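Being a predicted model, the structure only gives us computed values, none of them experimental.
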Amino acid sequence: QVQLVESGGGLVQPGGSLRLSCAASGITFSIRAMCWYRTAPGKQRELVAIITSGGTTTYADSVKGRFTISRDNAKNSVYLQMNSLKPEDTAVYFCTTLPPMGWGQGTQVTVSS
């Protein structure tokens with residue numbers, strides 16, 4: 001059974017940066033595509049970024065050029081570097097496999113002055 005533990009969220013001012021981390025277990029991590037989703041109050045869940053087992057990345061238009069997804073197979077971890085943050089990036093961020101095999105507790109990101 002997959003277990004996913006996200007961390008690194010917090011409160012940041014507009015224009016700031018955060019780096020989210022996600023530790024995965026219970027899966028053969030290196031062969032799995034991984035992704036980050038986010039859920040904001042009153043909005044549908046949004047697929048933010050994908051990284052394939054080979055390292056190919058894809059981003060939602062809303063974050064392209066500002067966010068970078070990466071992975072470390074030796075640590076069974078996936079990361080999301082978020083730069084130039086905007087108030088509309090405020091959400092709970094989740095990592096999971098693609099397609100989703102399970103969900104962690106998420107990590108809250110709040111962008112506010």
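Counting only residues at least two apart or on different chains, no salt bridge (Lys or Arg N to Asp or Glu O under 4.0 Å) pair has a member in residues 91-113. Every pair passing side-chain hydrogen bond (donor to acceptor under 3.5 Å, both in side chains) that includes a residue from residues 43-52 is listed here, sequence neighbours excluded: R38-E46, E46-S62. A salt bridge (Lys or Arg N to Asp or Glu O under 4.0 Å) check over residues 100-111, counting only residues at least two apart or in different chains, returns nothing. Screening residues 68-113 for disulfide bond (SG atoms under 2.5 Å apart), with sequence neighbours left out, gives C22-C95. Residue pairs meeting the side-chain hydrogen bond (donor to acceptor under 3.5 Å, both in side chains) criterion with at least one member in residues 64-74, sequence neighbours excluded, are D61-K64, R66-D89, R71-N73.
For T28, the side-chain contact (heavy atoms from CB on, under 4.5 Å) criterion is met by S30, I31, not counting sequence neighbours. Among residues two or more places apart in sequence or in another chain, the side-chain contact (heavy atoms from CB on, under 4.5 Å) test is passed with Q105 by V5, E6. Scanning for disulfide bond (SG atoms under 2.5 Å apart) contacts around C35 gives an empty result, with sequence neighbours left out. Partners of Q108 under the side-chain hydrogen bond (donor to acceptor under 3.5 Å, both in side chains) rule, at least two apart in sequence or in another chain, are T110. Under the rule for a side-chain hydrogen bond (donor to acceptor under 3.5 Å, both in side chains), S7 has no partner lying at least two apart in sequence or in another chain.
Its side chain within the 4.5 Å cluster rule, M34 clusters with V2, L4, V12, L18, L20, I27, F29, W36, V48, I51, Y59, V63, F67, I69, V78, L80, M82, L85, Y93, M101, V109, V111 among the Ile, Leu, Val, Met, Phe, Trp and Tyr residues. Other residues sharing the hydrophobic cluster of I50, ordered by chain and number and joined by side-chain separations under 4.5 Å: Y37, L47, V92, F94, L98, W103.
Interatomic distance, OG of S25 versus CD of Q3, reported as 4.5 Å (0.5 Å rounding).
With hydrogens and angles disregarded, no donor-acceptor distance shorter than 3.5 Å links the side chain of S17 to the backbone of N83.
S77 and A23 get closest at one heavy-atom pair: OG-CA, 4.0 Å.
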